[in-house]
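These notes concern the structure reproduced below.
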Amino acid sequence: MQVQIIRRKKNLIVRLKGELDHHTSLTFRQAVEKELEKEIIQNLIINMENLTFMDSSGIGAILGRYKQFRDRGGKVVICGLSRHNKKILEMGGLLKIIPVCTDERQALENLS
Amino acid sequence: MQVQIIRRKKNLIVRLKGELDHHTSLTFRQAVEKELEKEIIQNLIINMENLTFMDSSGIGAILGRYKQFRDRGGKVVICGLSRHNKKILEMGGLLKIIPVCTDERQALENLS
Amino acid sequence: MYHYRPGKQMNYMMLEVPARSENESFVRVVIAAFAARLDPTLEEVNEVKTAVSEAVTNSILHAYDDDRGLIKIRAFVEDKKLWIEISDSGKGIDDIARAREPLYTDKPELERSGMGFTIMENFMDEVVISSSPGKGTVVKMLKVFNKVAESSH
Amino acid sequence: MYHYRPGKQMNYMMLEVPARSENESFVRVVIAAFAARLDPTLEEVNEVKTAVSEAVTNSILHAYDDDRGLIKIRAFVEDKKLWIEISDSGKGIDDIARAREPLYTDKPELERSGMGFTIMENFMDEVVISSSPGKGTVVKMLKVFNKVAESSH
Ligand SMILES: Nc1ncnc2c1ncn2[C@@H]1O[C@H](COP(=O)(O)OP(=O)(O)O)[C@@H](O)[C@H]1O
Ligand SMILES: Nc1ncnc2c1ncn2[C@@H]1O[C@H](COP(=O)(O)OP(=O)(O)O)[C@@H](O)[C@H]1O
């Protein structure tokens, strides 16, 4: 899995590419935590447009970020959900607590 | 593997798509033999442009067609050879007895 | 119930890999390639890959304390059915009923969601778990393909 | 010479399939996926797939009289090296030197070319054949990857 990081004011955009499983979930967690150390960031946008696979490790990794940002008074928004990835997040109950947008633009609007 | 058959006067063009191995070589052999039964065919053009894999079963299958057409007074020409497929045919000594053309047009010219 | 009856004409594979997380994606490619002969839809392939990924991840994460243990993946196809068995000889599961509960995990500190078995049950037609503490765990799953296509005839 | 020394840190796989020709392409996908972690060139992948295809086809075609026999494919990676072992418990090879000769085949009627072992030797860095008539055959091969890249440093 590849993780691309973009900063838009107080928002961190993380673009995930490839497969999010137990092996790669640590890469995602560490990439976000590294940014939190050095920057004043409030919200997180997770772009899953190019995420070709996800299992329950994805639920854990996203729930972990959700709690982290909630505890800092921020928000998490997801965009670019495929049918399969949506089903997985739905089973994990995440769609009840995390807003889903079609793309990054909509996610940024949602946060402003 | 998929086999597409085209007739151009006395020439039979066989387009191979996919993987030519022991499992699929019979499909190729039978497709050619079926045409030989029903049509007056002299020469054979084997188009390998879309053949993504070949092992030594390909050498046997092509040598078999070569002998078959030679015994009927006809010729075999190969076109669309990838680097890998060329290497395989070279090891089998086929490039010394079978002409290789870039495409079907050149092969048809070679035969006329 | 899970009726496991490999016939003579059945095609079969058995794969053994060490319990290392880098093998999770490898096993997914292998099971997808094996299932390809059933001419599955993209959705069916994703469901099988996900269920297998869950079971293999469990063996890597919960069964063994290091990465020397082995995981076996067996698969059989017959008609439109794919049987899969994932087994380890790790520490086993004490309380299978509790393990199957959605959100139950004994590794929350590793950000596990406890949704592994729930996803296997949702994506496969049958899931049977057997385990002996100290000896290992076997997860047997069945997927029936092309159900929609069949019922529309 | 073939020095086969799997280390502790070595990643490993073992695949078992019945000796059916439909499994030839499946085994090629599996070995290509396993070799992917060595970051091979397209040419290297094709060479490994072809060598494995030859050995597996031999076990299907020459070792067994029906399709019930089993074929085992073992592979290990370490650094830039990939070891592969293909074994069957079929009828074995009486005269290995003759079998290795280019163009030698005992199945010309099936349009075999007798080039299987020659291709394995050309595409792999080492090929070792052991066989006991009536008991089976093991083909061990070694491929060293990225040789060009290394020597250009
Ligand atoms: N192969 C296994 N060996 C030992 N324990 C296991 C195994 N698979 C599952 N478990 C136990 O069952 C629990 C629930 O598993 P699961 O639903 O997949 O969630 P998670 O993997 O997120 O913890 C695990 O936390 C673990 O305690
Ligand atoms: N696994 C095997 N079991 C029994 N005999 C074998 C095996 N592999 C190879 N042989 C013998 O060695 C010969 C040469 O093999 P090879 O070079 O691959 O050519 P081909 O497969 O085209 O015959 C075969 O014709 C067969 O007699």
Side-chain angles (χ1 to χ4, degrees), chain A residues 1-3 14 16-33 36 44 46 48-71 76 78 80-98, chain C residues 17-29 31-32 40-64 67 71 86 99-124 127:
Chain A
M1 192 183 63
Q2 285 165 268
V3 180
V14 177
L16 303 179
K17 188 173 172 178
E19 307 195 322
L20 179 53
D21 62 8
H22 158 241
H23 183 65
T24 58
S25 58
L26 199 63
T27 314
F28 167 56
R29 179 182 184 164
Q30 286 172 343
V32 174
E33 281 174 353
L36 287 181
L44 174 67
I46 307 173
M48 299 193 160
E49 207 182 310
N50 295 309
L51 195 67
T52 51
F53 176 84
M54 179 168 64
D55 64 16
S56 76
S57 312
I59 301 174
I62 290 165
L63 193 63
R65 302 295 73 65
Y66 168 79
K67 288 180 182 161
Q68 210 167 24
F69 278 74
R70 185 196 56 192
D71 294 352
V76 173
I78 293 172
L81 263 192
S82 70
R83 240 175 90 97
H84 175 80
N85 292 346
K86 191 171 178 174
K87 232 192 267 175
I88 301 280
L89 296 185
E90 199 155 40
M91 285 183 204
L94 293 190
L95 299 189
K96 281 182 238 147
I97 53 173
I98 300 181
Chain C
V17 288
R20 294 172 163 222
S21 65
E22 65 201 274
N23 287 326
E24 291 158 7
S25 60
F26 171 62
V27 173
R28 290 196 297 268
V29 175
I31 201 71
T41 64
L42 187 62
E43 190 171 355
E44 288 168 334
V45 175
N46 273 333
E47 290 173 347
V48 169
K49 281 170 81 173
T50 312
V52 168
S53 196
E54 299 298 348
V56 168
T57 300
N58 277 350
S59 295
I60 292 170
L61 199 68
H62 302 297
Y64 299 110
D67 61 7
I71 304 174
I86 286 127
R100 286 185 102 120
E101 277 169 24
L103 305 177
Y104 173 78
T105 179
D106 64 5
K107 294 238 181 345
E109 75 286 3
L110 293 181
E111 300 200 334
R112 300 310 299 165
S113 63
M115 291 300 290
F117 282 129
T118 309
I119 286 182
M120 292 181 234
E121 281 161 4
N122 263 283
F123 282 168
M124 302 295 276
V127 177

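Per chain, numbering begins at 1; letters A, B, ... match sequence-line order. Given the structure is predicted, the values throughout are model-derived calculations rather than measurements. All heavy atoms count here, side chains included; hydrogens, waters and symmetry mates do not.
Between atom CG of residue Leu42(C) and atom OG of residue Ser82(A) there is a gap of 9.5 Å, rounded to the nearest 0.5 Å. Taking CZ of Phe53(A) as the start and CZ of Arg28(C) as the end, the distance is 4.0 Å to the nearest 0.5 Å. Note that CZ of Arg29(A) and CD of Glu111(C) are 4.0 Å apart. Values are rounded to the nearest 0.5 Å.
Of all heavy-atom pairs between Met54(A) and Thr50(C), the closest is O-CG2, 3.9 Å.
Within a 6.0 Å sphere centred on CD of Glu49(A), heavy atoms belonging to other residues, nucleotides or ligands number 12 at most. Heavy-atom neighbours of Lys67(A) NZ from other residues, nucleotides or ligands within 6.0 Å: at or below the threshold of 12.
Residues of residues 55-65 of chain A having a heavy atom under 4.5 Å from any heavy atom of chain C, listed by number: Asp55(A), Ser56(A), Ser57(A), Ile59(A), Gly60(A), Ala61(A), Gly64(A), Arg65(A).
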Side chain to side chain contact (heavy atoms under 4.5 Å, CB included) assessment of Thr118(C) paired with Met91(A): CA-CA 8 Å; Thr118(C) 309; Met91(A) 285 183 204; 5.5 Å; no
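For Arg112(C), there are no salt bridge (charged side-chain N to carboxylate O under 4.0 Å, His left out) partners, not counting sequence neighbours. In this view, Asn23(C) and Asn11(D), Arg37(D) satisfy the side-chain hydrogen bond (donor to acceptor under 3.5 Å, both in side chains) rule, not counting sequence neighbours. Not counting sequence neighbours, the partners of Phe26(C) by the ring pair (Phe, Tyr, Trp, His ring centres under 6.0 Å) test are Phe34(D).
Interface residue Lys87(A): only side-chain heavy atoms are found under 4.5 Å from chain C. Interface remark: Ile60(C) contributes side-chain atoms only to the contact with chain A (heavy atom separation under 4.5 Å). Contacts of His84(A) with chain C are made by side-chain atoms alone, with heavy-atom separations under 4.5 Å and no backbone atom involved.
For the pair Glu24(C) (side chain) and Asp21(A) (backbone), a donor-acceptor distance under 3.5 Å is absent.
Under the side chain to side chain contact (heavy atoms under 4.5 Å, CB included) test applied with Ser25(C), the options His23(A), Glu19(A), Met1(A) reduce to a single match, Glu19(A).
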